[in-house]
Amino acid sequence: MNSPYPDRNRLRELYRLPPGLLETVPHDLASVLGGPTLIHLPGDREPPLFVSVLLHGNEPVGWNALRSLLASYRQGFGTRQLPRALSLLIGNVAAAAAGVRQLPDQPDYNRVWPGSESPPTSEHVMMRQVVAAMRRRGIFASVDIHSNTGYNPHYGCVNILDNRYLHLATLFSRTVVYFMRPLGVQSIAMGRLGPAVTLECGKVGEQRGEDHARAYLDACLHLPTLPQHPVATSDLDLFHTVAQVKIPETLSFGFPPGRADILFDPELERFNFQELPRGTVLGRVDPSTEVGLEVRDEQGRDVGSRYFSVAQEELRLKRPLIPSMLTREEAIIRQDCLCYIMERYNDRLP
Ligand SMILES: [Zn+2]
């Protein structure tokens with residue numbers, strides 16, 4: 001039967017690890033698995049921990065952490081049973097083979113989950129299948145593992161301010177980000193089934209990120225329950241994402257030395273998670289161009305004039321703010337965004 005969708009977008013579902021999978025590097029997963037694959041492994045406790053890795057093909061941290069962890073349960077004679085069942089989604093293996101976040105003809109695999117507002121694709125269908133499969137099984141918790149390209153601390157993201165979700169996040173880091181947008185991300189969809197977190201494990205390629213993610217996943221597999229009691233406000237730094245900043249297609253940008261409509265501070269990444277005072281200079285602006293950044297709040301409204309101004313050829317902050325995800329990677333800035341704007345949120349803890 002002819003399918004309207006390319007076969008590489010068909011979800012595979014397995015009930016054991018294919019031979020050799022734990023030795024397979026992200027680049028080779030596509031040839032071993034053939035496409036995105038959901039693997040269910042048994043454990044001493046049910047329901048399973050759900051973990052997704054490689055939703056972005058250039059972020060190997062989750063897969064490397066998990067295969068190292070699973071290999072440790074295989075050492076010696078035979079295989080030790082996991083302390084809890086595990087359902088594992090290995091996401092964009094085609095992009096991983098190419099070493100990119102997503103292929104040019106693919107949507108972002110972390111914007112196509114139920115709740116997404118983007119035009120429907122076969123990837124939307126696939127993620128609906130994943131959520132349906134996990135709804136049938138039930139989940140203990142959900143963990144989606146990422147790294148980023150800028151200099152950021154390790155942190156967890158939640159989309160619901162619920163104590164169990166906050167405990168799941170603070171098990172990874174005291175830095176926690178609460179966000180409602182962008183829509184269509186894994187943790188919003190899985191958060192409807194149970195406690196869900198997105199992990200940001202530092203810069204791509206850092207061993208420390210893999211070690212941290214591995215220890216965290218092992219701790220999650222050993223947890224009997226997630227506490228309902230409040231997280232002490234002294235135990236976490238909660239931030240709320242209030243806006244996303246993009247650079248309009250019509251503007252060129254870069255870093256000195258060079259020529260562009262905006263030349264950003266070369267130390268831009270150092271601003272991440274810092275409380276920047278009003279007047280902070282982010283870059284120099286070409287006097288012949290009209291510079292306006294595209295800043296959207298959680299309701300999708302353009303709020304650029306609230307945060308940024310141009311004076312004396314400098315792009316400045318109009319009010320104090322805390323940025324995250326600032327990066328020097330120009331392709332990522334174009335594909336995703338320049339940064340997110342956050343505010344402190346500890347006073348809103350449940
Ligand atoms: Zn990512």
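Numbering of ligands and ligand atoms starts at 1, following listing order. Note that the numbering runs from 1 along the sequence shown for the chain.
- Ring geometry for Phe172 against Tyr216 counts as perpendicular: the plane angle is over 60°, on a 0 to 90° scale with 30° as the lower cut.
- The six-membered or imidazole ring of Tyr345 lies near that of Tyr178, with a centre-to-centre distance under 6.0 Å.
- Geometrically, Arg328 engages Phe255 in a cation-pi contact, judged by NZ or CZ lying under 6.0 Å from the ring centre and within 45° of the ring axis.
- Of all N, O or S atoms in His146, the one lying closest to the Zn ion (ligand 1) is ND1.
- Glu200 lies apart from the Zn ion (ligand 1) in this respect, since none of its N, O or S atoms is found at a distance under 2.8 Å.
- If you look at His56 and ask which of its N, O or S atoms sits nearest the Zn ion (ligand 1), the answer is ND1.
- Put simply, the side chain of Pro18 does not reach to within 4.5 Å of the side chain of Thr24, judged on heavy atoms.
- The Zn ion (ligand 1) is closest to atom OE1 of Glu59 (considering only N, O or S atoms).
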